[in-house]
Engineer: 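Please read through the structure below; I'll follow up with questions.
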Amino acid sequence: MAETKREIERKYESDESGLPDLTGVAGVAAVVDKGLAELDATYYDTADERLAGAAITLRRRTGGSDAGWHLKFPVSPGVRDEIQAPLSDTLPRDLAGLIRSRVRDTELLPVVRLRSARDVRELTDGEGRLLAEVSVDAVRAERLTGGGGRAQWTEIEVELADGADPAVLDKVEKRLLKAGVRPSKSPSKLARALTETAPKKRRKHRRASRKPAPPATAGDHLLAYLREQRDTIVALDPAVRRDVYDSVHRMRVATRRTRSAFKSYGKLLDRAVTDPIGEELKWLAGELGVDRDQEVLTERLTDTIGALPRTLTVGPVRTRLRTWSHARRGGSRRRLIAVLDGRRYLALLGALDALLAEPPLLEPAAGDPAKVIAKAVRKDFDKLAVLVDQALGLPPGPDRDFALHEARKKAKRARYAAEAAVPALGGPAGGLVKSMKAVQSLLGDHQDSVMTREALRDLARQAHTAGESAFTYGVLYGREEQRAADAERELPGLWRPIRETVPA
């Protein structure tokens, strides 16, 4: 079973003088010599180094206290999540799944071997608690592909102990810098090894590489936005598999943004290509949403019931809610992982890659972004305006509820269109994003109230059939009606200034 560890460390370049004396570091009471460890690690990647390109490392290491398979994902500078699995001859299935969105069906190859003589010290406080581990690593790197280049260097690594104050790293660094030690130019041993053992031609190519030219046409801007969403989906895949907080929601939003962009900017890309991909994105969003909407509804009801005075809570209301929620739960994490492991999902990622590699641009895509993109954004806003005006013209009731729900969906699309337009249009598009967020939020509260009332009717029926009191569900129903009415009263005041300030 794989285990996850948050790794917080800093790396430094050192000459052969070794480790400076750290006994004077504030808060460090003792420097404990833990001896020398011989580490032997083989790093795996695709032939085109997709994992390295995403700052992801996969290795099989022997020696030391944590021999096994290690998979590291970047979190922020100097911070990585390391997923560890026991030593085995082949890559464990859990780890293979976490890199599947990057690797797809491409073969993993051993690309670099690193052998390190690691001289370890532990820094402890006055009570003997571990603050950090400091090591001096004499590294020998050997490239296993493309000519077999070699390199060697010495580096100092300072890793924060679990639960220790990160300020320890600053204090240790101050001492190291004073002793002439320099921060490493490479974020990891693998990154340095790949650079220093690369064939000379590849080194020259890397030095000559330049950032892509900034978007110039309307099509350039749209493709940059679509590429960002594709990258988000791929990057969030491991987090979804690991059940990282909010990862499912964020991945679902990226799929919706992509599909929305296909529709909003349909004059720029051939719909014959984007429509089928859009349908697959709709499928993926639906799979990501299994249980999510039910969870949100259950949380809303749980919070509302929890806020009720005891005098208004009659009968086994909380137990009834748990039973109802469990019965309506339609999916599971096992189902979601099966989706991410399936051929259909990989085909969707491949279709997005192909679209971005050879985009089916239409003639308007070559136009001025300020005109072409602004026109598309305005079109979405005008559609929203029609729906809002129609909804406000209806009396309260089911017809208005439906109309406001349709307006909410259109507000979301207008928001996404404006988000994509910000790099091209600047402030005006950014202002529209904020306005659409406010409209979407208000209409979302209204729709949540509609769905909650439907749930309360269902709960009340079940309670009545079981011989329980339905009193509390009636109380909650009335409160949800009031919340919906408040949102409907607030909408004209929110909408009117937005309607008047968006230029024609």
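Fair warning: this is a prediction, and the values are worked out from it, not measured in the lab.
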Engineer: Got a second to check how far Leu58's CG is from Leu108's CG, nearest 0.5 Å?
Structural biologist: 6.5 Å
Engineer: Which heavy atom in Leu194 sits nearest to a heavy atom in Ala52, and how many Å separate them?
Structural biologist: CD1-CB, 3.6 Å
Engineer: Is any side-chain heavy atom of Asp66 closer than 4.5 Å to one of Lys5?
Structural biologist: no
Engineer: Test your reading of the model: is there a side-chain donor-acceptor pair from Arg60 to the backbone of Ser88, 3.5 Å cut-off?
Structural biologist: yes
Engineer: Could you give the distance from CZ (Arg230) to CG (Leu223), rounded to the nearest 0.5 Å?
Structural biologist: 11.0 Å
Engineer: Residues two or more places apart in sequence or in another chain: which of them pass ring-ring contact (aromatic ring centres under 6.0 Å, His included) with Tyr44?
Structural biologist: Trp69
Engineer: Listed by chain and number, what are the side-chain hydrogen bond (donor to acceptor under 3.5 Å, both in side chains) partners of Gln294, not counting sequence neighbours?
Structural biologist: Thr298, Arg328
Engineer: Rounded to the nearest 0.5 Å, what separates atom OG in Ser76 from atom CD1 in Ile8?
Structural biologist: 8.0 Å
Engineer: Return the CD to CZ distance between Glu406 and Arg408, rounded to the nearest 0.5 Å.
Structural biologist: 11.0 Å
Engineer: Has Arg102 got a side-chain atom pairing as donor or acceptor with Leu51's backbone, closer than 3.5 angstrom?
Structural biologist: no
Engineer: Only one of Arg453, Gln482, Arg457 passes side-chain hydrogen bond (donor to acceptor under 3.5 Å, both in side chains) with Tyr477; say which it is.
Structural biologist: Arg457
Engineer: Check whether any side-chain N or O of Asp270 sits under 3.5 Å from a backbone N or O of Leu362 as a donor-acceptor pair, and report yes or no.
Structural biologist: no
Engineer: Between Glu82 and Thr57, is any pair of side-chain heavy atoms under 4.5 Å apart?
Structural biologist: no
Engineer: Taking atom NZ of Lys171 and atom CG of Asp165, what is their separation to the nearest 0.5 Å?
Structural biologist: 6.5 Å
Engineer: Using a strict cut-off of less than 4.0 Å between a Lys/Arg side-chain nitrogen and an Asp/Glu carboxylate oxygen, indicate whether Arg489 and Asp486 qualify as a salt bridge.
Structural biologist: yes
Engineer: Has Ser325 got a side-chain atom pairing as donor or acceptor with Arg322's backbone, closer than 3.5 angstrom?
Structural biologist: no
Engineer: Would you compute the distance between atom CZ of Arg496 and atom CG of Leu491 and round it to the nearest 0.5 angstrom?
Structural biologist: 9.5 Å
Engineer: For Asp237 and Arg104, run salt bridge (Lys or Arg N to Asp or Glu O under 4.0 Å): C-alpha distance rounded to whole Å, both residues' side-chain angles, the deciding distance at 0.1 Å, then the answer.
Structural biologist: CA-CA 12 Å; Asp237 179 295; Arg104 315 285 172 82; over 6 Å; no
